[in-house]
Structures are given as C-alpha cells and as structure tokens.
Amino acid sequence: MCGIVALIGSREAAPQLLEGLRQLEYRGYDSAGIATIASQGQLHCLRAEGKLINLTQRYEAQGAPGQCGIGHTRWATHGKPEERNAHPHLDGSGQLAVVQNGIIENYRSLREELQAGGVVFRSDTDTEVIPHLVSRRLAELQAGGALASGSVLLQAVQDVLPRLHGAYALAVVWAQAPGALVVARKAAPLLIGLGEGEFLCASDTPALAGFTRTILPMEDGEVALLTPLGIELYDEAGTRVQRTPTLLSGTEHVADKRSFRHFMLKEIHEQPETAALWVARHLPEAGVGQPLVALPLDDDFLSGIERVQLLACGTSRHAAQVGAYLLEQLAGIPTDVFYASEFRYGPPPLSPRTLTVGVTQSGETADTLAALAMEQQRRRAVADPAFAPRLLGITNRPESSLGRLVDQVLDIGAGIEVGVAATKTFLGQLLAFYGLALALAERRGGSINGRGREQLRILASQLRQLPEQLRALVDDHDRRCEALAHRFADTQDVIFLGRGINYPIALEGALKLKEISYIHAEGYPAGEMKHGPIALLDAQVPVVSIAVPGTVFDKVLSNAQEAKARDAQLIGVAPEGPDTELFDVLLPVPEVDELLSPLLTVIPMQLLSYHIAAHRGLDVDQPRNLAKSVTVE
C-alpha cells in the first residue's frame, strides 16, 4: 500500500527520492515525506499532507541536503491522513528517522511502555514506536562503549525487530552515521537496487526501473546495512547471507500515459494487446498430439488434482469466481472460492490432492500471502503425501513475494498497471483461468458437461479471435459510455445483475463503479432480485443487466422485465436483436460461446464506470481511500 524509497550513494538523495516516490504514486497514498542526512550529520525531514506536489514544493522552498535518505508515501491506517502522521517518523532527539510499510500489531503495548519511560509521541501512528525503540537501544549500546557507526545502527535495529509483531518493511537513517542506511522486511515487500557506487531500496520495482535493472529482493526476516561501499545482508538469526542479484526484465515497469486522459483509460485500451500476448504465448495452433494450451507448469504439478481452492481479494476474487465456474464446468473439478482474509480464520478441512491457487495482481496482497503460507504450513504437517501442499500463483508480478512462496506461477503478463482500479490485470487473470481450465479439461478427457477434446479445440479457436473482438468492443464502447455518462450525474445507487458465469462480472461492474465514482452499487445474481433487493428499485435506481445467449439467457431477460416493471432504467449488456429491445439503453457485445462471454461483457462495465467518474471530475487513477497494492491485513 504505502511506498518506500531509500537511497545511499555519492549524489544528492532528495531528487532521486522524490522521483522514486512519483513512480510509486499509483499505489495510493494520502501524505508523503522524506528525510536526508547531510555529511556533517544533520537530519533534514520534510513532510506534507496530500499529493506529492505539496512535498515537492516544500523541498524546493527549504531543501534537504545529503547523500543518504529515505522517502515514503503513506496510506492511512493508524491515525488520520494529516501531516503529523506522515512518515518519516523521528525519535525524541530528532537524529533518527524511520519509514515503514505494514502494521505493528502490538504497538499499543510498546507505546505504553515507552510513554512510561518518558517518551512523548507526536503522532497517532503505529510506526512511531520504532524510532523510539531503536533510539533507546542505540543509547544503551553507546553507554556500553560502542562508537556511532553503521554497524551499531544495524545492531540496534536487529535487537528491536523481534519486539515488533506484525508485518513491516522499514528503512532507518541516523544522523550520527551519515554513511549508513539500514533496511528490513517481514511479510511486506522490499527490494534493493544496485547502482554504480549507490544503492536504492524500494517497495516496488517502478521506483527502481529508471535507476537500475539489477535488484536484490529481500526475503522475510532479512536485515541489510547499506553503505556506499556495499551491502551486508543478514537473516533473521543474524547470520550473514550471500545471494546473487536478479535482473528486471524489459521496460514493463515504466509507466507512460501516452495521449490518454487517465492511466485507467489507457489500460482499458491495452486489453486487446494483453489478450494478443496471452494467445501468442499460451494458445498456439495445436497440431496432432499437441496440447491445446502451452502453460509453464510441470506435468506432475497438474497430475491427480481432485479439488481446487482459490484464495483472493477484491477484483481478483471476482476473477477467481469465473475461474471456479470454468474449472467445474470444463474440467469437472470441484472448486471453492474463498476470501483470503477469511480463509486464515476458518479454513476448510484438509482434502487430499488439492490445488491451492492464490490470485493477486501485485503478488504482494498481505491477506492472500498469509492464507497461502498457512495452507502450506498445515499441509506440511500431514505425513500423508496425498495432502502435500500444491500451491499455484496467478499474478502480474512473478518476481513478487507470491512468486517466492508458491511452487508454480502463471504470469498474466499484462505489464505495469497504474490505475488503482484493476482492468487489464483482471482480464489477464481471467485468461489465466481459461488456460488452466482448458489444460486440466484436456488432461481429464473433457468435462462433466460433455465437452470433449473437439469441443475444447473449438473453444480454444474462439479464444484466438478474442484480441480482434476486444479492439472493436473497446473502441465502440468508449464512445457509447462517454455519451451515456451524463445520465448518472445525480445517481446515488445502481444495481448490476448477472447469472451463471456472468454473475462475477456483475459484481466486478458494481465494484468498479464504487471504487472510482463513489456511487453506491451492488451486484446480484439476477434470480435473487425478487428475494429482497427488488424493494430498492424505482425510477432513480438504474439497473445494469448482463444477458448473453446461453443456458440462462431467457431467465435474465425475465428478471430484467421484473426490474422494468418497477420503473427502473434498464441498461443491457447483450447482443443486438429483438430479444434485447426491452432495454432502455443497450451496450452491445458480440454473440460468443457463453463460457467466453465474461471476457467481453466486462468491457462495458469498465468503460461505463470510467466515464461516469471522469464526467464527475474525480481522480480516476487514484481514488480516495484506496491503494493499488494492499500490503496490510
């Protein structure tokens, strides 16, 4: 959620810190700050509420000299989004500064302990306990004869970390050691970028992309001391660690809005390219004896699966719901979808030969990672090999924490997505599930619904046509939805309806509208309207209904008629034809196999939400209270 940047080297740190924070703006934040250490040992700290431009203006007015520094964009958890709660946080002497992502769960008891010792707190945050604890430990070490140095700062941080319960990524600087930077991580991402005579740490790769391609992702429990001369990396037990750095690939971590008004609109328009790349990589024309889908998964990994459980949050969970439908209807494998945040506290009984899939666009979603880790641990505790953990990750960031936790990864390959409201990554997750379902269906000889290899081959052939269908659909609905947006100027409530495989798309449509336009919206299975929600309908409540030919087409149209009888304005997402003339407004989609329809019906949902929010003059890319990468539970 929050963004961390930290630099030590031979040039002024503040400009690089500010640029790194700009690259992390897409993650969502409500305040920002930097702290630098001048070579003479003076700490300069600047903080500002609101957008990064406010901090930049403060830097231009006041300056922040030094070749070592830390920076942070904060998404409020403990304490309101005010300047006094912005990072960095200082100790009582003003000589030590800390930035932190994550949550310190036992901060209340630590705060009470420090207050009893005379410490005065200046913020409401959980983070502020850290500089006071480190400062107190430094005083104890110096009282024992230790001289101020980077090694002493490292020791103090290592001594304090066991007292912090929860998840954190943090960076610490100390005025008495101007040539040292200490960083640490536990259940929150932190990477070290290696430059020429300088090192840049960040919580996400975009902050590193313009600095270096050589990175060293930190592992859980690790602590590092960085100086202009090199890196000292230690594990949780304090043992020195040697590990080979890795390379960032290509330019996919560099964000460019091009000529689009918002990143979200650009990313919606990039979905045909996302689909085309997926088809090229994973859906080649299958020859005789060749598999339909080319997935980077070991044969043994897919063998003998009897059950699948999907763990996800938010938009990723909606993709998982579509995935569950595909896995059950195509491959005949019982599949359950869980809120990752709930799975940890009420996991189902263990079942043998189960594939557990974590779905997260960032690969850093704290709830999903924690749920996967718990499932891995409880399965390892069972002696029976049939219960051994089999973990798969579906993500846009294979180099993330998820990639290091699971056995196998499906990289959706959508490229960097800046808009907080996921669009092209959602499509990428859907495509990953289509590939997985086809691969498992083919291995099992077809589905429970009679789709044999020939039917699967036809489905794969239709998927290859998806990029062209998406190009036409995005261009058409960009215009249609822009013209429609003005009708929602005063709307306060919207209902989205879908059935079968398109029910998750109704949920996704409602979520997108809530996220970026701040209009209350709910998604329902269309048949459930008459069981209570229909009481909400009147002429002021638009109803968006997804109706595609297939098993539930006539049922959805009947449910739409029920809404129209209550004077609701009906917006249909459906193919053009006499059956869909009942809609007041039609957002037409091509007629395809019902199983493929979510890949198309989601496009009007995204563009309608976008244009309503843009028409209202809202911050589409960075909606209030939201963050791109949710790294706290």
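Computed from a predicted model, the values in this text were never measured in an experiment. We're numbering straight along the sequence, starting at 1. Because only heavy atoms are used, hydrogens play no part in the values below, and waters and symmetry mates are left out as well, while side chains stay in.
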Check your understanding: Is there a donor-acceptor pair under 3.5 Å between the side chain of S517 and the backbone N or O of A613?
Key -> no
**Study point:** Heavy-atom side-chain contact between I412 and T425 under 4.5 Å
**Key:** yes
Review point. Can you tell me how far the CD atom of E522 sits from the CG atom of L511, to the nearest 0.5 Å?
Key: 10.0 Å
**Study point:** Results of salt bridge (charged side-chain N to carboxylate O under 4.0 Å, His left out) for R11 - residues two or more places apart only
**Key:** E198
Point to revise | Derivation of the side-chain contact (heavy atoms from CB on, under 4.5 Å) call for K512 and H318 | key: CA-CA 12 Å; K512 282 292 159 286; H318 299 156; over 6 Å; no
Study note, to complete from the structure: Heavy atoms of A614 and V620 approach each other most closely as N-CG2, 4.0 Å
Review point. When rounded to the nearest 0.5 angstrom, what is the spacing between CG in L17 and CG in L200?
Key: 7.5 Å
Practice item. Kindly indicate whether the side chain of V152, heavy atoms from C-beta on, has any atom under 4.5 Å from the side chain of L147. Key: no
Check your understanding: Under the 3.5 angstrom rule, does the side chain of D204 hit a backbone N or O of P206 as a donor-acceptor pair?
Key -> no
Check your understanding: Is there a donor-acceptor pair under 3.5 Å between the side chain of E267 and the backbone N or O of G419?
Key -> yes
Check your understanding: How far apart are the C-alpha atoms of S400 and E364, what are their side-chain angles, what is the distance that settles it, and do they pass the side chain to side chain donor-acceptor pair (under 3.5 Å) test?
Key -> CA-CA 6 Å; S400 63; E364 303 293 353; 4.6 Å; no
Exercise for review: Would you check if the side chain of Y518 reaches a backbone N or O of R624 as a donor-acceptor pair within less than 3.5 Å?
Suggested key: yes
Check your understanding: Should R397 and L402 count as side-chain neighbours, where that means a heavy-atom distance under 4.5 Å?
Key -> no
Practice item. Determine, stepwise, if the pair I130 / Y168 fulfils side-chain contact (heavy atoms from CB on, under 4.5 Å). Key: CA-CA 11 Å; I130 302 173; Y168 55 76; 5.7 Å; no
Practice item. Kindly give the heavy-atom pair with the smallest separation between L21 and G3, and that separation in Å. Key: CD2-O, 4.1 Å
Point to revise | Any side-chain heavy-atom pair of Q176 and L138 under 4.5 Å | key: no
Check your understanding: Is it true that atom CD of Q42 has more than 12 heavy atoms of other residues, nucleotides or ligands lying nearer than 6.0 Å?
Key -> yes
Check your understanding: Considering only heavy atoms from C-beta outward, does the side chain of T423 approach that of M264 to under 4.5 Å?
Key -> yes
Exercise for review: Look at the aromatic rings of F121 and H132 and report parallel, tilted or perpendicular, splitting at 30° and 60°.
Suggested key: perpendicular
Check your understanding: Quick one: are L52 and Y29 in side-chain contact, heavy atoms under 4.5 Å?
Key -> yes
Point to revise | Closest non-hydrogen atom pair between D367 and C313, with its separation | key: CB-SG, 3.9 Å
Show me the donor-acceptor pairs, under 3.5 Å and distance only, between side chains in residues 216-224 and residues at least two apart or in other chains.
{"unit_1": "D220", "atom_1": "OD1", "unit_2": "R185", "atom_2": "NE", "d": "3.3"}
{"unit_1": "D220", "atom_1": "OD1", "unit_2": "R185", "atom_2": "NH2", "d": "2.8"}
{"unit_1": "D220", "atom_1": "OD1", "unit_2": "A187", "atom_2": "N", "d": "2.6"}
{"unit_1": "E222", "atom_1": "OE1", "unit_2": "E219", "atom_2": "N", "d": "2.8"}
{"unit_1": "E222", "atom_1": "OE1", "unit_2": "R243", "atom_2": "NH2", "d": "3.0"}
{"unit_1": "E222", "atom_1": "OE2", "unit_2": "R243", "atom_2": "NH1", "d": "2.8"}

Exercise for review: Test S123 against E128 for side chain to side chain donor-acceptor pair (under 3.5 Å), laying out the working first.
Suggested key: CA-CA 7 Å; S123 78; E128 196 184 351; 2.7 Å; yes
Check your understanding: Quick one: does T212's side chain have a donor or acceptor within less than 3.5 Å of a partner on L194's backbone?
Key -> yes
Check your understanding: With no hydrogens and no angle check, is any side-chain donor or acceptor of N106 less than 3.5 Å from a backbone partner on L110?
Key -> no
Exercise for review: Write down the atom of A169, the atom of P189, and the distance for their closest heavy-atom approach.
Suggested key: CB-O, 3.6 Å
Practice item. Enumerate the residue pairs fulfilling side-chain hydrogen bond (donor to acceptor under 3.5 Å, both in side chains) with a member in residues 51-66, sequence neighbours excluded, ordered by first and then second residue. Key: K51-Q622, R58-E83
Exercise for review: Could you walk me through whether L161 and K186 pass the side-chain contact (heavy atoms from CB on, under 4.5 Å) test, one step at a time?
Suggested key: CA-CA 9 Å; L161 290 180; K186 179 182 179 182; over 6 Å; no
Exercise for review: Report yes if some heavy atom in the side chain of E49 is under 4.5 Å from a heavy atom in the side chain of D30; otherwise report no.
Suggested key: no
Practice item. Measure from the side-chain N and O atoms of K514 to the backbone N and O of A521, and report whether any donor-acceptor pair falls under 3.5 Å. Key: yes
Check your understanding: How long is the span from the CG atom in D126 to the CG atom in L164, to the nearest 0.5 Å?
Key -> 10.0 Å
Exercise for review: Enter the distance from S10:OG to Q67:CD here, rounded to the nearest 0.5 Å.
Suggested key: 6.5 Å
Revision key, fill the gap. Here the gap from T127 atom OG1 to L170 atom CG, rounded to the nearest 0.5 Å, amounts to 9.0 Å
Check your understanding: Looking only at atom types and distance, does a side-chain atom of S31 sit under 3.5 Å from a main-chain N or O of A48, one as donor and one as acceptor?
Key -> no
Exercise for review: Work out which heavy atom in V183 is nearest to a heavy atom in L226; give both atom names and the distance.
Suggested key: CG2-CD1, 4.0 Å
Review point. Considering only heavy atoms from C-beta outward, does the side chain of M374 approach that of F343 to under 4.5 Å?
Key: yes
Review point. What distance do S151 atom OG and L141 atom CG have between them, rounded to the nearest 0.5 Å?
Key: 11.5 Å
Distance-only check: which donor-acceptor pairs under 3.5 Å involve side-chain atoms of residues 33-40, not counting sequence neighbours?
{"unit_1": "T36", "atom_1": "OG1", "unit_2": "A64", "atom_2": "O", "d": "3.2"}
{"unit_1": "T36", "atom_1": "OG1", "unit_2": "P65", "atom_2": "O", "d": "2.8"}

Point to revise | More than 12 heavy atoms from other groups under 6.0 Å of OH on Y339 | key: no
Check your understanding: Quick check: does any side chain N or O of H72 sit under 3.5 Å from a backbone N or O of Q100, one acting as donor and the other as acceptor?
Key -> yes
Practice item. Any chance you could lay out the side-chain contact (heavy atoms from CB on, under 4.5 Å) test for L43 and Q95, step after step, and finish with the verdict? Key: CA-CA 6 Å; L43 188 149; Q95 290 197 314; 5.6 Å; no
Point to revise | Those residues that, when tested against R111, pass salt bridge (charged side-chain N to carboxylate O under 4.0 Å, His left out) (two or more places apart) | key: none
Point to revise | Residue pair R22, E25: steps toward the salt bridge (charged side-chain N to carboxylate O under 4.0 Å, His left out) verdict | key: CA-CA 5 Å; R22 285 189 195 95; E25 280 192 290; over 6 Å; no
Practice item. Return each pair, listed once, that meets salt bridge (Lys or Arg N to Asp or Glu O under 4.0 Å) where at least one residue sits in residues 140-159; pairs must be two or more places apart or across chains. Key: R137-E140, R137-D159
Revision key, fill the gap. Closest non-hydrogen contact found for A207 with G20 is CB-O, 3.7 Å
Point to revise | side chain to side chain donor-acceptor pair (under 3.5 Å) assessment of E508 paired with T315 | key: CA-CA 6 Å; E508 177 62 10; T315 287; 3.1 Å; yes
Review point. Is the backbone of K80 close enough, under 3.5 Å, to the side chain of N85 for a donor and an acceptor to pair up by distance?
Key: yes
Review point. Is R84 salt-bridged to D124, cutoff N-O under 4.0 Å?
Key: yes
